[in-house]
Amino acid sequence: DTNEAPTVRLRDVRAIQEAGTAVLRGTVSDGDPGDLLTLRIDWGDGGFGSIERVTLGEDRSFRLTHVYRDDPEGDANRFTISATVTDEAGATGSDETTVLVRNAAPTFGNEVGTNVPDGETVTRGERVSLAGTFADSGGRDTYTVTIDWDDGTVVNSQLNPDAFERFVGRSGGGRLCCCSPSCPLC
């Protein structure tokens, strides 16, 4: 009696944003209907999911989900998802698909504020403080903060999100600092 290798077929996965949930659908088939099958998924982001029992529909289909915390490095923005099904005799079948994980833009947690009351002006050289917070679901992203002082001075600075607590600058082209010991500008 010859063992038939099982097969797995994956459907396309819809694109998501980082911190989003991807839905993987597929079907498993095996010429030996009594075989116990094991399905192993490699989500492509280092988050392995080893699934010993998968609830299959009557058509032997499955639906699994996985959260991608961050978009991949580089320009492709795709993770490769691999599935391998193994039967009791050790015969295997596999398939791959990809998921597009888009970078989500950071968001300001609240409006950026200053130490200057609304409607008032500052004298050239007077100290102006800016304060604000931001959040981003991606953990490997880098951030550039741009401050336009509305006097022809524009300051761009790359910041670590952990150091982005407060900005301090001087009107008229002063130095920008995020007021954190780990700030690369201080």
Side-chain angles (χ1 to χ4, degrees), residues 1-110 132-146 156-165 178 180 182-184:
D1 202 15
T2 305
N3 181 45
E4 254 187 77
T7 61
V8 59
R9 295 291 171 249
L10 301 178
R11 293 173 53 189
D12 290 339
V13 178
R14 287 187 178 185
I16 61 169
Q17 283 198 333
E18 61 189 354
T21 301
V23 178
L24 177 66
R25 291 181 173 88
T27 56
V28 172
S29 62
D30 188 25
D32 304 313
D35 276 355
L36 177 64
L37 303 175
T38 302
L39 181 63
R40 181 172 173 88
I41 306 295
D42 177 350
W43 295 100
D45 65 346
F48 261 96
S50 181
I51 298 145
E52 306 251 338
R53 293 185 198 148
V54 175
T55 304
L56 297 174
E58 286 185 30
D59 58 354
R60 300 193 70 137
S61 64
F62 60 89
R63 179 187 181 278
L64 304 170
T65 60
H66 181 73
V67 174
Y68 284 92
R69 298 277 172 222
D70 208 345
D71 60 314
E73 291 184 32
D75 295 331
N77 285 343
R78 290 191 176 274
F79 286 106
T80 300
I81 303 171
S82 304
T84 303
V85 62
T86 307
D87 69 12
E88 298 176 86
T92 63
S94 60
D95 196 14
E96 288 185 346
T97 190
T98 62
V99 59
L100 174 64
V101 180
R102 294 184 181 106
N103 184 40
T107 57
F108 276 99
N110 58 13
T133 61
F134 75 93
D136 188 0
S137 54
R140 292 188 306 253
D141 294 337
T142 57
Y143 306 96
T144 301
V145 176
T146 302
N156 291 305
S157 178
Q158 281 201 329
L159 296 177
N160 175 328
D162 298 329
F164 183 70
E165 296 165 6
C178 63
S180 170
S182 61
C183 178

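All values below come from the heavy atoms of this structure, side chains included, with hydrogens, waters and symmetry mates left out.
The shortest heavy-atom contact between A22 and V13 is CB-CG1, 4.0 Å.
Residues D12 and T97 have side chains in contact (heavy-atom distance under 4.5 Å, counting atoms from C-beta outward). V99 has its side chain out of reach of H66: every pair of non-hydrogen atoms, C-beta onward, lies at least 4.5 Å apart. The closest side-chain heavy-atom distance from L37 to V28 is below 4.5 Å. Looking at heavy atoms from C-beta onward, N103 lies in side-chain contact with E18 at the 4.5 angstrom threshold. S82 is not listed as a side-chain neighbour of I41, based on a closest heavy-atom distance of 4.5 Å or more. The side-chain heavy atoms of F79 and D71, taken from C-beta on, include no pair separated by under 4.5 Å.
Below 30°, between 30° and 60°, or above 60°: for Y68 and W43 the angle between ring planes is above 60°, a perpendicular geometry.
Proximity of a side-chain donor or acceptor of Q17 to a complementary backbone N or O of R102 within less than 3.5 Å is not detected.
Checking S29 against T7 by side-chain atom types alone, a donor-acceptor pair falls below 3.5 Å.
In this structure, L36 CG and E88 CD are separated by 5.0 Å, a value rounded to the nearest 0.5 Å. Considering CG of L10 and CZ of R25, their distance stands at 12.5 Å, rounded to 0.5 Å.
Here N3 pairs with D32, D35, D87, A89, A91 under the side chain to side chain contact (heavy atoms under 4.5 Å, CB included) rule; sequence neighbours left out. Residues passing the side chain to side chain contact (heavy atoms under 4.5 Å, CB included) test with T86, sequence neighbours excluded: T84, T92.
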